[in-house]
Amino acid sequence: VYRLRKPIDLLKPGDVIWEFHVEDNETILNPSLDHGDNVYFTTQNNNVGILDVSDKLYALDGKTGHNKWTIPLTGSPQIGADNTIYITDNGKLSALNNQTGVKKWLSDSNASSSISIDTDGTIYSAYKKDLSAINGNDGTTVWQKKNLAPYDIQGTMVDNNNIYYYNIHSSFMAAVNKVTQNFVWQK
């Protein structure tokens, strides 16, 4: 359910523009914005103890709160420079059209929920102890480093030179040069 709170021309700073309510048994997770003011988030069904495949990815118009589309999917949406939505579900990375939610491609690489998108569109993802570079245009694996870490990798970050990967439970972090794929450092 969504509704506009006030006409746009009557808004003052700090006024709520719109509201959106998910179902009573859902919790909103992992919100993200694209470059066109659209809001994306996943929901988790709160029916504890029930195997439930009703988790969803929502797309809302950020100006009105209108629900553009909803699809059954879980994960943490990340937005590319061209507004493509990248999301992992069941260990695979998908690219979705931000206007329709239609799948553009499904990656052949295993992927965790924490991905990083480089300025050139390359997506870096970890799965267990492996690190992968994935082509953001078609989902193919550019390269993969196996058994890179002593612990399961939980997330990645990328800057101009390096890919950083980490495990928060072990205080482990390391960096790999994104061109040569050689270790830079490990802590």
Side-chain angles (χ1 to χ4, degrees), residues 29-36 38 40-44 51-53 55-59 69 71-187:
L29 305 170
N30 309 312
S32 201
L33 297 170
D34 71 11
H35 306 289
N38 294 304
Y40 306 93
F41 60 88
T42 52
T43 59
Q44 178 180 14
L51 180 59
D52 199 339
V53 292
D55 295 346
K56 301 172 196 155
L57 172 64
Y58 285 85
W69 50 263
I71 58 174
L73 202 60
T74 126
S76 179
Q78 301 281 338
I79 311 301
D82 65 351
N83 284 333
T84 296
I85 302 165
Y86 299 99
I87 191 165
T88 57
D89 187 38
N90 293 319
K92 293 292 183 185
L93 178 66
S94 296
L96 308 175
N97 178 296
N98 74 316
Q99 295 300 313
T100 63
V102 171
K103 192 176 293 184
K104 292 180 171 184
W105 52 255
L106 178 66
S107 176
D108 57 350
S109 291
N110 289 326
S112 71
S113 61
S114 178
I115 63 169
S116 297
I117 305 170
D118 205 344
T119 55
D120 68 358
T122 302
I123 301 163
Y124 298 100
S125 178
Y127 184 76
K128 297 191 178 183
K129 297 179 181 183
D130 304 340
L131 182 65
S132 299
I134 300 167
N135 182 317
N137 293 321
D138 61 15
T140 57
T141 301
V142 178
W143 56 260
Q144 185 175 55
K145 302 276 287 182
K146 295 229 176 236
N147 295 312
L148 195 60
Y151 308 98
D152 283 357
I153 301 169
Q154 293 176 310
T156 60
M157 301 176 289
V158 64
D159 67 13
N160 292 335
N161 302 306
N162 301 316
I163 307 146
Y164 304 89
Y165 55 97
Y166 56 90
N167 177 296
I168 59 173
H169 300 296
S170 66
S171 300
F172 169 81
M173 182 174 253
V176 169
N177 181 283
K178 65 184 183 182
V179 175
T180 66
Q181 295 114 47
N182 292 328
F183 278 107
V184 177
W185 54 262
Q186 179 175 316
K187 305 254 183 217

Side-chain touch [X]/[Y], heavy atoms, less than 4.5 angstrom:
X    : Y    : result
Y58  : I71  : no
F172 : Q186 : yes
Y165 : L148 : yes
K178 : Y124 : yes
W185 : M173 : yes
S94  : K103 : yes
P72  : D55  : no
T122 : I134 : no

Applying side-chain contact (heavy atoms from CB on, under 4.5 Å) between [X] and each of [options], report the one that passes.
X   : options            : answer
I85 : D34, L73, L96, N97 : L96
L93 : N110, I115, D108   : I115
S32 : N38, I79, I87      : I79

Assess the residue pair F41 and N30 against the criterion (side chain to side chain contact (heavy atoms under 4.5 Å, CB included)); give the C-alpha distance rounded to whole Å, side-chain angles, the decisive distance to 0.1 Å, and a yes or no. CA-CA 5 Å; F41 60 88; N30 309 312; 5.9 Å; no
Derivation of the side chain to side chain contact (heavy atoms under 4.5 Å, CB included) call for L131 and W143: CA-CA 8 Å; L131 182 65; W143 56 260; 4.1 Å; yes
Assess, by modelled atom type and distance only, whether the side chains of T84 and K104 contain a donor and an acceptor separated by less than 3.5 Å. yes
Quick one: pull up [atom1] in [X] and [atom2] in [Y] and give me the separation to the nearest 0.5 Å.
X    : Y    : atom1 : atom2 : value
N83  : N98  : CG    : CG    : 4.5 Å
N162 : N177 : CG    : CG    : 5.5 Å
Y164 : N161 : OH    : CG    : 7.0 Å

For G75, does its backbone N or O pair with a side-chain atom of T42 as donor and acceptor, under 3.5 Å? yes
Determine whether a donor-acceptor pair (N or O, by modelled atom type, separation under 3.5 Å) exists between the side chain of Q144 and the backbone of V142. no
Salt bridge or not for D130 and K145, using N-O below 4.0 Å? no
Step-by-step side chain to side chain contact (heavy atoms under 4.5 Å, CB included) determination, K92 to S107: CA-CA 6 Å; K92 293 292 183 185; S107 176; 5.8 Å; no
